[in-house]
> 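Sending over a structure as structure tokens; questions will come in a sec.
By convention in this document, chain letters (A, B, ...) are assigned in the order of the sequence lines, proteins followed by strands, and residues within each chain are numbered from 1.
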2 protein chains.
Amino acid sequence: MKSSGNKTKFLILGLLSEEQLSGYEIKKIVDMRFSFFWSESFGQIYPQLKRLNEEGLIEEVVVEDSENIKKTKKYSITDKGISELKEWLEEPVEKESVRYEILLKMYFSNIISPEVMLEHIREFQISHRKQAKLFEKFQQQLEEYKDVHSNHKDILMVLSFGKKVWKAYDEWCEEVSEVLENRMEGREK
Amino acid sequence: MKSSGNKTKFLILGLLSEEQLSGYEIKKIVDMRFSFFWSESFGQIYPQLKRLNEEGLIEEVVVEDSENIKKTKKYSITDKGISELKEWLEEPVEKESVRYEILLKMYFSNIISPEVMLEHIREFQISHRKQAKLFEKFQQQLEEYKDVHSNHKDILMVLSFGKKVWKAYDEWCEEVSEVLENRMEGREK
DNA sequence: TTAGGCATGTAACCCGTTACATGATTTG
DNA sequence: CAAATCATGTAACGGGTTACATGCCTAA
């Protein structure tokens, strides 16, 4: 068992190191900006916030919101939290284990018709192109609010990863589509 | 809950649709040829084989190995197994949820020194280059035993995915390394 | 006024890895 | 003959998703 393991913890600490957030806001940020390389569910976030609070790595912020008492529980990171975050950031990256269902299906696709496989590829391509457009949109937003994010450059590099890898996905789809189309024609003859 | 969910099941059915295999052999194949896009542990494979056998999707092969009675339990796929495999292959691909720890660390890397982050990138690059070399090796092997695999072309396409995406990884590493090196110099001034 | 978004949380369940147990066979 | 590899399997644990429960607030 590794010292890390629980990465939700560090995602939360990381986000709280930038600004005070509620569980709901954390989820929103992950869905909007991290979705292409990370995901979290409420079932992870809320219990984790509770634990981190108990451990003293974060603390609840008293939201004195002038007029109305909000129901949102905001948290801020403590010094202890920052030092644990730092520790984790300095630890070597565990190698990710991805599971591409589409490649499994591709591998065994001689069992099914090329038409069906082509359809899978098309869907894969469409959904990833949709994501690729979000990269551009997010990058524009970033340029506008350049001063807000102290880690502006780092975010750009994360985005660059997405753009490069998603481009590779797209090119692969093009290549594979062609092969499958040829196969369809060949079979019809 | 989706009708699929349990993908180990279909990996096993897929591999058994090509040849009779034991649990141990399945693990070996996954580790050698699928490792860049799939992984399985014994703790998944053996119980799953048992279940599939009970369900009648696969059956134990009586290994009559002339001289010595082997301890290996080989399985073959049944017609029922093939039709379930086919069904799954035709179902739409669920979108994968990847978690790139390196991108999380990159995102928050303003907290740590560029030297440490650069080290992470280097390790990422090295391990992925190692994998990239295996693509070439595997492709050569494929060309040699072209006739053995009926799905030769499909395997090549899976490999092509790896080559393209891993190339994108490598290019990203180069780009990011440069940025981090500049940052280090900038800070020293 | 009702549907949808905001907001927090818990419980059940599934999936997957790790660790452990066991024993045969091969190789230095 | 000891160490490594082959080979099969189980149990425990942990991480993550889904479903559910609850209640507020806002806009059509």
Side-chain angles (χ1 to χ4, degrees), chain A residues 1-12 15 20-32 34-35 37-54 58 60-61 63 65 67-75 88 94-101 104, chain B residues 1-12 15 20-32 34-35 37-54 58 60-61 63 65 67-75 88 94-101 104:
Chain A
M1 189 53 48
K2 281 287 158 54
S3 57
S4 39
N6 199 358
K7 293 172 190 170
T8 302
K9 173 176 170 181
F10 301 107
L11 170 94
I12 291 175
L15 288 177
Q20 294 171 184
L21 294 165
S22 67
Y24 195 83
E25 287 170 322
I26 289 170
K27 176 79 164 85
K28 264 198 303 182
I29 290 177
V30 171
D31 284 350
M32 288 195 306
F34 288 38
S35 62
F37 72 92
W38 207 264
S39 69
E40 293 291 349
S41 59
F42 286 125
Q44 288 274 104
I45 292 170
Y46 286 119
Q48 191 63 53
L49 281 170
K50 202 177 165 188
R51 244 171 287 146
L52 289 173
N53 190 34
E54 281 160 12
I58 64 175
E60 221 174 301
V61 177
V63 182
D65 215 332
E67 333 132 359
N68 56 334
I69 306 106
K70 283 227 181 130
K71 263 95 226 156
T72 56
K73 270 193 198 175
K74 289 218 180 195
Y75 294 91
W88 175 74
E94 287 175 52
K95 73 173 245 302
E96 72 277 359
S97 67
V98 195
R99 283 178 138 199
Y100 288 102
E101 190 187 326
L104 250 202
Chain B
M1 187 53 47
K2 280 289 157 56
S3 57
S4 42
N6 197 359
K7 292 171 192 173
T8 303
K9 173 177 170 180
F10 300 107
L11 171 95
I12 292 175
L15 288 177
Q20 293 171 185
L21 294 166
S22 66
Y24 196 82
E25 287 170 322
I26 289 170
K27 175 82 162 86
K28 263 199 305 183
I29 290 177
V30 172
D31 283 350
M32 289 194 307
F34 287 39
S35 63
F37 72 91
W38 207 264
S39 70
E40 291 292 347
S41 61
F42 286 125
Q44 288 273 101
I45 292 169
Y46 285 119
Q48 191 64 52
L49 282 170
K50 203 178 165 187
R51 244 170 289 147
L52 290 173
N53 189 34
E54 282 161 10
I58 63 176
E60 221 174 299
V61 176
V63 181
D65 217 331
E67 332 130 359
N68 56 334
I69 309 104
K70 284 224 181 132
K71 261 95 230 151
T72 57
K73 269 194 198 175
K74 290 218 179 195
Y75 294 91
W88 175 74
E94 286 175 52
K95 73 173 246 304
E96 71 277 359
S97 67
V98 195
R99 282 177 140 200
Y100 288 101
E101 189 187 327
L104 250 202

> Whole angstrom is fine here: how far is it from NZ in A:Lys7 over to P in C:dG16?
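The distance from NZ of A:Lys7 to P of C:dG16 comes to 16 Å, rounded to the nearest Å.
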
> Just compare D:dG15, D:dT18, C:dG16 and give me whichever is closest to any side-chain atom of A:Ser41.
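From the listed options, D:dT18 comes nearest.
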
> Please give, in whole Å, the distance from C:dG16 P to A:Asn6 CG?
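Rounded to whole Å, this separation is 19 Å.
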
> Mind calculating the distance between CZ (B:Phe34) and P (C:dG16) to the nearest angstrom?
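Rounding to the nearest Å, CZ of B:Phe34 and P of C:dG16 are 15 Å apart.
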
> About how many Å separate CG of A:Leu11 and CG of B:Leu104, when rounded to the nearest 0.5 Å?
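So the CG of B:Leu104 and the CG of A:Leu11 are separated by 5.5 Å.
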
> In whole angstrom, give the distance that lies between atom CD of A:Glu40 and atom C1' of D:dT18.
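In whole Å, D:dT18 C1' lies 15 Å from A:Glu40 CD.
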
> Does B:Ser39 put a side-chain nitrogen or oxygen below 4.0 Å from OP1 or OP2 of C:dT17?
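So the side-chain polar atoms of B:Ser39 do come within 4.0 Å of the phosphate oxygens OP1 or OP2 of C:dT17, strictly under.
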
> Mind checking side chain to side chain donor-acceptor pair (under 3.5 Å) for B:Glu25 and listing every partner two or more places apart, or none if nothing turns up?
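Here the qualifying residues are B:Ser22, B:Lys74.
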
> Could you state the atom-to-atom distance from CD of B:Gln48 to P of C:dC15 in whole Å?
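Between P of C:dC15 and CD of B:Gln48: 9 Å.
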
> Can you list everything that forms a side chain to side chain donor-acceptor pair (under 3.5 Å) with A:Tyr24? Sequence neighbours excluded, please.
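Checked A:Tyr24 against side chain to side chain donor-acceptor pair (under 3.5 Å); zero matches.
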
> For DNA chain D, what residues of residues 21-32 of chain A have any heavy atom nearer than 4.0 Å?
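Those residues: none at all.
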
> Can you name the residues that form a side chain to side chain contact (heavy atoms under 4.5 Å, CB included) with A:Asn53, not counting sequence neighbours?
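Partners of A:Asn53 under the side chain to side chain contact (heavy atoms under 4.5 Å, CB included) test: A:Ile58, A:Glu59, A:Glu60, A:Tyr75.
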
> If I take atom CD in residue A:Glu96 and atom C1' in nucleotide C:dT17, what distance separates them, rounded to the nearest angstrom?
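Result: 17 Å.
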
> Please determine whether a side-chain nitrogen or oxygen atom of A:Arg99 lies at a distance below 4.0 Å from atom OP1 or OP2 of C:dC15.
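No, outside the criterion.
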
> Using rotation axes that map the C1' atoms of four end pairs onto the next four (five pairs an end), what angle separates the end axes of the helix from C:dT1-D:dA28 to C:dG28-D:dC1, to 10°?
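About 30°, once rounded to a multiple of 10°.
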
> Distance from A:Leu52 atom CG to A:Ile12 atom CD1, nearest 0.5 Å?
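Rounded to the nearest 0.5 Å, the CG-CD1 separation comes to 5.5 Å.
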
> Rounded to the Å, how far apart are A:Ile12 CD1 and C:dT8 C1'?
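Interatomic distance, CD1 of A:Ile12 to C1' of C:dT8: 14 Å.
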
> Show me the protein contacts with nucleotides 9-12 of chain D, counting only N or O atoms at under 3.5 Å.
from, atom 1, to, atom 2, distance (Å)
D:dG9, OP1, B:Lys73, NZ, 2.4
D:dT10, OP1, B:Lys50, NZ, 3.1

> For residues 39-48 of chain B, tabulate all N or O donor-acceptor pairs below 3.5 Å that involve a side-chain atom, not counting sequence neighbours.
from, atom 1, to, atom 2, distance (Å)
B:Glu40, OE1, A:Arg99, NH2, 3.3
B:Glu40, OE1, B:Thr8, OG1, 3.0
B:Glu40, OE2, A:Arg99, NH2, 2.6
B:Glu40, OE2, B:Thr8, OG1, 3.1
B:Glu40, OE2, B:Trp38, NE1, 2.9
B:Gln44, NE2, B:Thr8, OG1, 3.0
B:Gln48, OE1, B:Asn6, ND2, 3.0
B:Gln48, OE1, B:Arg51, NH1, 3.3

